[in-house]
Each structure stands twice: as structure tokens, then as C-alpha cells.
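Count residues from 1 along the sequence.
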Amino acid sequence: MAEPLTVTPEQSAHYAYFFDLDGTLAELKPHPDQVVIPPTILQMLHHLAECNAGALALISGRSMVELDALANPWRFPLAGVHGAERRDINGKMHIVHLPSAIERDISVQLHTALRHLPGTEIETKGMAFALHYRQAPEHEAALQALALRITQTWPQLALQQGKCVVEIKPKGTNKGEAIAAFMQEAPFAGRVPVFLGDDLTDETGFRVVNKAGGISVKVGEGETQAQWRLAGVPDVWRWLESVYAAQQEKNTNDRRDGNESFSRSI
């Protein structure tokens with residue numbers, strides 16, 4: 001059972017930070033286009049990345065294009081579409097593609113079906129599709145059945161459940177695999193992973209982080225494999241502020257100790 005997170009990571013340790021976006025760094029909204037990350041939170045993320053050699057990544061079901069727009073003006077390592085696309089610290093892309101004919105056929109089927117389910121929305125991500133029913137919960141069962149038929153037709157695809165959304169994505173791609181890939185690369189390799197997420201899609205990430213001896217944090221209610229819990233997005237923001245303050249204090253002490261050592265050497 002996840003315990004309330006009341007402490008910040010020990011600043012003498014070396015951490016690699018991973019953050020989900022919707023429901024973790026930003027409040028959920030009726031429509032994805034309404035979501036924003038407050039500028040102060042972006043600034044703290046940038047500072048946290050700088051203090052940890054750049055070992056901070058956003059891990060989301062959104063596309064990398066959307067993630068870059070939401071993180072502007074900063075440019076972080078990213079894993080989008082639940083790990084189906086990833087950009088490492090050097091800007092190298094790792095992307096899973098669907099054959100264009102399959103992508104086109106699925107898109108036609110889904111758009112045709114959703115015309116008969118008012119209030120539902122389809123989000124096309126190239127190699128993946130998200131079927132939203134936040135505004136029409138009465139159509140959840142119909143969308144679940146539709147998505148299942150798609151994955152039965154194309155077995156290289158899999159379902160991914162989320163909050164008021166069911167996604168169709170390439171099989172074998174998930175947030176846990178994305179975090180594991182980052183942890184094999186500089187500057188993440190050799191560090192202790194810290195992952196904050198709020199949804200079912202984040203559970204594979206929690207498993208990977210737990211196995212690596214890291215810190216896994218569930219945001220919100222619900223069963224989870226995470227070790228720790230924060231109640232909601234405002235609590236994530238306050239936790240980030242405490243990490244930021246602790247890092248600032250450490251930097252001040254390091255500069256003071258460095259100056260004292262230099263003076264003594266003279």
C-alpha cells in the first residue's frame with residue numbers, strides 16, 4: 001500500500017527524474033488542449049534537470065510534439081505515446097511506426113464509428129489512437145468493444161486503459177520500457193530513478209522503478225504498485241517546491257564549502 005510522500009529525495013544522492021504530465025504536472029481538463037503546466041513549475045523542472053546533469057524526462061501518452069509545446073521554452077528528454085516514441089538527451093529519436101495502410105484503415109474505422117457516439121473524441125497519434133469518453137461516459141462500453149475489435153484484427157496492437165480513455169498502441173510499448181531505456185543511457189544511467197504518475201498507464205513505470213530500487217509516487221487515489229502517494233497535482237507542485245528549495249540550499253552550502261576550502265589553501 002502506498003504511503004503518503006512526506007520527504008524529499010536526499011540531495012546528496014544522484015537521481016534521475018521522470019514525470020507523467022496530465023494529472024501529475026498539470027490538472028486534468030475536459031479537453032486535452034486546455035491543459036497547461038504553470039511557468040513556475042516549468043522553471044523548477046528546468047532547474048531540477050540542470051542540477052542533475054539533465055537527467056529529467058517527461059513520460060506521457062501525449063505525442064512528443066504536444067509535450068514540447070507544453071514544456072516550452074524548455075526542451076527535455078521525452079517519451080511520448082506511452083513509449084512508442086522517445087527522444088534521448090542528445091536529441092536522437094526512437095520511434096515505433098505502423099505501416100501506413102494499417103494506420104489509414106484503422107483511422108477510417110474509428111472515425112466512422114465515433115460519428116455514431118456523440119460526445120466521444122478520437123485523438124490520432126500516428127502509430128496510436130486515443131478514444132476519449134470523458135464528455136460521454138455512457139459510451140465507455142461501446143468504445144472498449146470497438147478498441148478490442150481493432151486489436152483483434154491487428155494483433156501487433158494492444159489496448160491501454162486510462163482515465164476516461166482507451167488507447168490503441170503498438171504492442172510492447174509502455175512507460176516502463178521507456179524508463180528502462182532511459183536508464184541505460186547517459187545521463188540517467190547509474191542514478192536512482194524517481195517517477196511520478198497518476199494513471200493506470202503509469203503502473204508499468206512504477207514496476208521498473210521499484211525493481212531498480214527507486215522512488216515511485218502515485219498521484220491521486222486508486223490501487224497502485226507505487227511505494228508513495230501524493231493526493232493531487234497541487235501536492236506535486238508543493239513537493240517540487242520542496243525539492244527545489246532543498247537543492248538551492250545544497251548549492252549554497254556547496255559554494256560556501258568550496259570558498260572555505262579555497263581560502264584555506266591560500
Side-chain angles (χ1 to χ4, degrees), residues 1-11 13-30 32 34-49 51-52 55-62 67 70-71 74 76-79 82 134 160-165 174-176 178-179 182-183 188 191-250:
M1 181 176 178
E3 298 292 332
L5 182 63
T6 58
V7 297
T8 59
E10 172 55 52
Q11 293 302 311
H14 296 283
Y15 289 95
Y17 290 91
F18 302 96
F19 293 93
D20 173 50
L21 198 148
D22 296 83
T24 300
L25 291 176
E27 295 279 15
L28 294 171
K29 297 293 182 181
Q34 298 171 333
V35 170
V36 295
I37 305 176
T40 53
I41 300 303
L42 285 175
Q43 181 65 49
M44 289 180 193
L45 292 175
H46 171 66
H47 173 81
L48 196 58
C51 291
N52 289 274
L56 184 148
L58 303 182
I59 312 289
S60 175
R62 288 179 179 265
L67 293 175
L70 285 163
W74 312 116
F76 301 110
L78 305 173
H82 308 289
R134 186 176 298 276
Q160 175 65 67
Q161 304 293 339
K163 291 180 179 178
C164 296
V165 62
N174 58 61
K175 293 183 179 181
I179 291 174
F182 276 122
M183 292 301 296
F188 301 89
R191 292 175 171 266
V192 178
V194 179
F195 178 44
L196 281 72
D198 75 304
D199 207 345
L200 290 172
T201 64
D202 301 306
E203 292 296 323
T204 56
F206 296 149
R207 280 201 298 273
V208 167
V209 169
N210 291 345
K211 187 175 180 180
I215 300 172
S216 55
V217 184
K218 164 79 171 182
V219 181
E221 299 178 351
E223 291 297 318
T224 183
Q225 298 178 72
Q227 305 158 310
W228 304 95
R229 190 185 301 272
L230 288 169
V233 172
D235 300 275
V236 174
W237 295 345
R238 284 189 286 270
W239 181 81
L240 272 173
E241 289 171 357
S242 66
V243 174
Y244 176 81
Q247 189 73 61
Q248 290 290 84
E249 181 179 359
K250 177 179 182 298

**Fill in**
On a heavy-atom basis, the closest approach of Pro77 and Leu56 is CD-O, 3.1 Å

**Asked** Could you give the distance from CZ (Phe195) to CG (Asn210), rounded to the nearest 0.5 Å?
**Response** 11.0 Å

**Item:** Exam field: side chain Ser216 to backbone Phe206, donor-acceptor pair closer than 3.5 Å
**Value:** no

**Asked** Taking Arg62 for the side chain and Pro32 for the main chain, is one N or O donor matched with an acceptor at less than 3.5 Å?
**Response** yes

**Prompt:** Under 4.0 Å between a Lys/Arg side-chain N and an Asp/Glu carboxylate O for Lys163 and Asp198?
**Reply:** yes

**Request:** Working to the nearest 0.5 Å, report the span between OG1 of Thr224 and CD of Glu203.
**Result:** 3.5 Å

**Prompt:** Would you find a donor on one side and an acceptor on the other, under 3.5 Å apart, between the side chain of Arg229 and the backbone of Gly220?
**Reply:** yes

**Asked** Under 30°, 30 to 60°, or over 60°: which ring-plane class applies to Trp74 and His46, parallel, tilted or perpendicular?
**Response** parallel

**Prompt:** What is the ring orientation for Phe19 with Tyr17, classed by angle as parallel under 30°, tilted 30 to 60°, or perpendicular over 60°?
**Reply:** parallel

**Item:** Close side-chain approach of Asp235 to Val219, heavy-atom, < 4.5 Å
**Value:** no

**Request:** Sort out for me which residue in Asp20, Leu42, Leu45 forms a side-chain contact (heavy atoms from CB on, under 4.5 Å) with Leu25.
**Result:** Leu45

**Fill in**
CG (Leu70) and CG (Leu58) are apart, to the nearest 0.5 Å, by 9.0 Å

**Request:** Of all the heavy-atom pairs spanning Ile37 and Ala26, show the shortest one and how long it is.
**Result:** CG1-CB, 4.2 Å

**Request:** Tell me, yes or no, whether the heavy-atom count around Glu221 atom CD, taken from other residues, nucleotides or ligands under 6.0 Å, exceeds 12.
**Result:** no

**Asked** What is the distance from atom CD1 of Ile59 to atom CZ of Phe182, rounded to the nearest 0.5 Å?
**Response** 5.0 Å

**Message:** Determine whether a donor-acceptor pair (N or O, by modelled atom type, separation under 3.5 Å) exists between the side chain of Asp199 and the backbone of Gly23.
**Reply:** no

**Asked** Relative to the ring of His47, is the ring of Tyr244 parallel (under 30°), tilted (30 to 60°) or perpendicular (over 60°)?
**Response** perpendicular

**Request:** Please round to the nearest 0.5 Å and tell me the distance separating atom CG of Leu200 and atom CD of Glu223.
**Result:** 11.0 Å

**Request:** State, to 0.1 Å, how close Lys175 and Thr204 come at their nearest heavy-atom pair, and which atoms those are.
**Result:** N-OG1, 3.5 Å

**Prompt:** So among Asp202, Leu67, Leu78, which one has a side-chain contact (heavy atoms from CB on, under 4.5 Å) with Ser60?
**Reply:** Leu67

**Prompt:** Between Phe18 and Met183, is a side chain to side chain contact (heavy atoms under 4.5 Å, CB included) present by the stated rule, with each step listed?
**Reply:** CA-CA 11 Å; Phe18 302 96; Met183 292 301 296; 3.8 Å; yes

**Asked** Is there a donor-acceptor contact under 3.5 Å from the side chain of Trp228 to the main chain of Lys218?
**Response** no

**Message:** Looking at every non-hydrogen atom in both residues, tell me the closest pair between Phe76 and Ala49 and how far apart they are.
**Reply:** CE2-CB, 4.3 Å

**Message:** How long is the straight-line distance from CG of Leu230 back to CH2 of Trp237, given to the nearest 0.5 Å?
**Reply:** 13.0 Å

